[in-house]
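Taking it in order: structure first as structure tokens, then the write-up.
Index from 1, following the sequence. These values consider heavy atoms only, across backbone and side chains, with no hydrogens, waters or symmetry-generated copies.
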Amino acid sequence: MCEALPMAGSLTLDLADLDAVGLLSEAIVSARAHVLLAEQETAIGIDAPDGWHRLVINAKSGGSSVLVVRFTDLSVSRTRNVATALHRRGWQPDEDHGGATLRQPPGTTATDVAFEVLAALGVAGAPQDARRLRATDATGAEVDLRV
């Protein structure tokens, strides 16, 4: 079940829950609203189990979203599998080959971003478990994702 945690900038997202895309879409809308209202770009970090890839959703001024996965916590084999799976989804390898990025232009719906994030979180056999989301803006202040 997807539910809000006591911390204002934190949510739990159960990847196996049918409501996951809705909760994640609303969290993305909250981050985008913060960008507009506070004029501060916002990042939603999504935790992962040990040995798996974390994902960050960056809400940018102008309405674009940038999705980022870093491979630093992955084994060589898992890095190769995750990088290959993300590349097949259209993600671009970072210049240092330590991660991959997907830029989504302004006008991309929060639901489309959420579906891509959910797909990326599950690539290469990653567990479909509960993940913690935490949002902060460019000043380091927590952003309320509760919807």
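The side chain to side chain donor-acceptor pair (under 3.5 Å) check on Ser65 picks up Arg32, with sequence neighbours excluded. With sequence neighbours excluded, the residues that form a side chain to side chain contact (heavy atoms under 4.5 Å, CB included) with Ala38 are His34, Gln40.
Here salt bridge (charged side-chain N to carboxylate O under 4.0 Å, His left out) pairs that include residues 50-67, with residues two or more places apart or in two chains, are Glu41-Lys60, Asp47-Arg54.
Nearest heavy-atom pair across Thr139 and Asp137 is OG1-OD1, 2.5 Å. When all heavy atoms are compared, the tightest approach of Ile44 to Ala135 is CG1-CB, 4.0 Å. Here the shortest heavy-atom pairing between Arg134 and Thr136 reads NH1-CG2, 3.6 Å. Here the closest heavy-atom approach between residue Ala20 and residue Leu13 is recorded as O-CD1, 3.5 Å. Between Arg70 and Gly99 the shortest heavy-atom distance is NH1-N, 3.6 Å.
Both Leu55 and Leu15 belong to a single network of hydrophobic side chains, linked directly or stepwise wherever heavy atoms of I, L, V, M, F, W or Y lie under 4.5 Å apart. Following chains of ILVMFWY side-chain contacts shorter than 4.5 Å, one cannot reach Val35 starting from Val143, and the two form parts of different hydrophobic clusters. Note on Val68 and Val82: separate hydrophobic clusters, where clusters join Ile, Leu, Val, Met, Phe, Trp and Tyr whose side-chain heavy atoms are under 4.5 Å apart, directly or indirectly. When hydrophobic clusters are built by joining Ile, Leu, Val, Met, Phe, Trp and Tyr residues whose side-chain heavy atoms come closer than 4.5 Å, directly or via intermediates, Ile57 is grouped together with Val21.
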Under 3.5 Å, which donor-acceptor pairs link side chains of residues 71-80 to any protein atom two or more places apart or in another chain?
unit_1	atom_1	unit_2	atom_2	d
Ser75	OG	Arg78	N	3.1
Arg78	NH1	Gly51	O	2.8
Thr79	OG1	Ser75	O	2.8

Taking distance alone, no hydrogens or angles, what donor-acceptor pairs closer than 3.5 Å link side-chain atoms of residues 101-124 to residues at least two apart or in another chain?
unit_1	atom_1	unit_2	atom_2	d
Thr101	OG1	Asp94	OD1	2.6
Thr108	OG1	Pro105	O	2.7
Thr109	OG1	Asp112	N	3.0
Thr109	OG1	Asp112	OD2	3.2
Glu116	OE1	Arg89	NH2	2.8
Glu116	OE2	Arg89	NE	3.0
Glu116	OE2	Trp91	NE1	2.8

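Residues Arg132 and Ser10 are in side-chain contact: their nearest non-hydrogen atoms beyond the backbone lie under 4.5 Å apart.
In this structure, CZ in Arg131 is found 11.5 Å from CG in Leu24, a value given to the nearest 0.5 Å.
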